[in-house]
Amino acid sequence: MRRRLAAGNWKMNGTAEGLSEVEALLQAHLSPRVEILLCPPATLLAQMNWKKGQHPLQLGGQDCHAAASGAHTGDLSAAMLKDAGAAYVIVGHSERRTNHGETDEQVAAKARAAHEGGLVAIVCLGETLAEREAGQTLDVVGRQLDASVPEGATGLNTVIAYEPVWAIGTGLTPTRDQIAEVHDFLRSRLSARFGADAAHFRLLYGGSVKPSNATEIFGIPDVDGALVGGASLKAADFSPIINALEQVAEMELP
Ligand code: 13P
């Protein structure tokens with residue numbers, strides 16, 4: 001019922017040279033079972049959009065401003081990202097929360113701006129290692145979910161990405177049970193707020209996803225895909241992750 005999503009977040013990596021990686025992905029993947037999304041630096045969106053032509057690869061931004069336009073030097077609006085070819089935008093990534101002090105309220109305002117600009121918002125949340133060790137994981141992600149997902153969110157315009165801060169770029173991943181516990185909790189929390197529509201929200205896991213652990217992670221209930229950082233930069237790494245997701249999707253066929 002939920003279309004699985006393999007999303008790559010290039011972060012602040014990539015120039016026009018990296019477009020050859022996109023070409024390799026386009027050639028390798030045409031399965032309609034899995035949606036593939038790349039979120040490159042905004043400087044590459046228009047070129048990628050041109051390169052992908054009619055291929056169903058989706059593109060996304062990595063952040064947007066909460067306002068539709070105005071005197072905000074250096075910022076980009078949702079409408080600008082859409083104009084450059086984006087259908088999605090990541091908001092509230094832990095690197096933005098940490099490096100730019102973004103609060104849940106600001107993240108919610110950005111997600112709302114994404115919706116108003118016609119983009120699907122990927123709202124990121126996740127606990128730090130100290131919070132996990134203090135037994136606060138569910139409190140933290142619950143609070144982030146409540147406050148970062150704006151009114152008007154639906155399973156069609158919003159994706160949730162659970163990215164434990166301590167797993168990002170570290171090579172560490174939570175256990176199967178730890179991921180399952182958080183995803184199950186997020187689904188229940190969405191149900192309490194959104195009722196039946198909660199079943200339509202896709203829940204991605206992110207943090208050190210790589211070809212060697214993708215199959216196990218994608219087999220966890222309520223994991224609808226991944227938000228992949230480092231391993232999305234090279235088609236040779238991202239492609240086997242997409243394949244793993246396609247295989248899990250195939251196995252679910254009636
Ligand atoms: P890594 O896959 O490099 O750990 O990054 C995860 C991430 O932050 C994706 O948004």
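Remember, it's 1-based here, ligands and their atoms both numbered in the order they're listed.
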(Q) Under 4.0 Å between a side-chain nitrogen and a carboxylate oxygen: does that hold for E35 and R4? (A) no
**Q.** Winner among G229, G169, P164 once heavy atoms are compared against atom 2 (O) of ligand 1
**A.** G229
Q) For ligand 1, which atoms, with element, lie under 4.0 Å from some heavy atom of L227? A) 9 (C), 10 (O)
Q: Assign the ring pair Y162 / H183 to parallel, tilted or perpendicular, where the plane angle (0 to 90°) is split at 30° and 60°.
A: perpendicular
Q. What atoms of ligand 1 come closer than 4.0 angstrom to any heavy atom of H93?
A. 7 (C), 8 (O), 9 (C), 10 (O)
Q.
I need the contact type for A167 against ligand 1. Using non-hydrogen atoms and a strict under-4.0 Å cut-off, is it side chain, backbone, both or neither?
A. backbone
Q) Is there a donor-acceptor contact under 3.5 Å from the side chain of Q62 to the main chain of K11? A) yes
Q | Point-to-point distance, once rounded to the nearest 0.5 Å, from CD of Q178 to OG1 of T137 | A | 7.5 Å
**Q.** Separation between CG of D224 and CZ of R187, rounded to the nearest 0.5 Å
**A.** 5.0 Å
(Q) I'd like to know if A231 contacts ligand 1, where contact means a heavy-atom distance under 4.0 Å to any ligand atom. (A) no
Q) Counting N and O atoms only, with roles assigned by atom type, does the side chain of D146 sit under 3.5 Å from a partner on the main chain of R143, one being a donor and the other an acceptor? A) no
Q) For ligand 1, does N9 get within less than 4.0 Å through its side chain, its backbone, both, or neither, judged by non-hydrogen atoms? A) side chain
Q: Look at atom 5 (O) of ligand 1 and say which protein heavy atom is nearest, naming residue and atom and giving the distance to 0.1 Å.
A: K11 NZ, 3.2 Å
(Q) Rounded at 0.5 Å granularity, tell me how far CD1 in I168 sits from OG1 in T128. (A) 11.0 Å
Q: May I ask whether G206 places a heavy atom under 4.0 Å from ligand 1?
A: no
Q: From atom 9 (C) of ligand 1, work out which of E95, Q62, E163, K210 has a heavy atom at the shortest distance.
A: E163
Q) For atom 3 (O) of ligand 1, what's the nearest protein heavy atom and its distance? A) G230 N, 2.8 Å
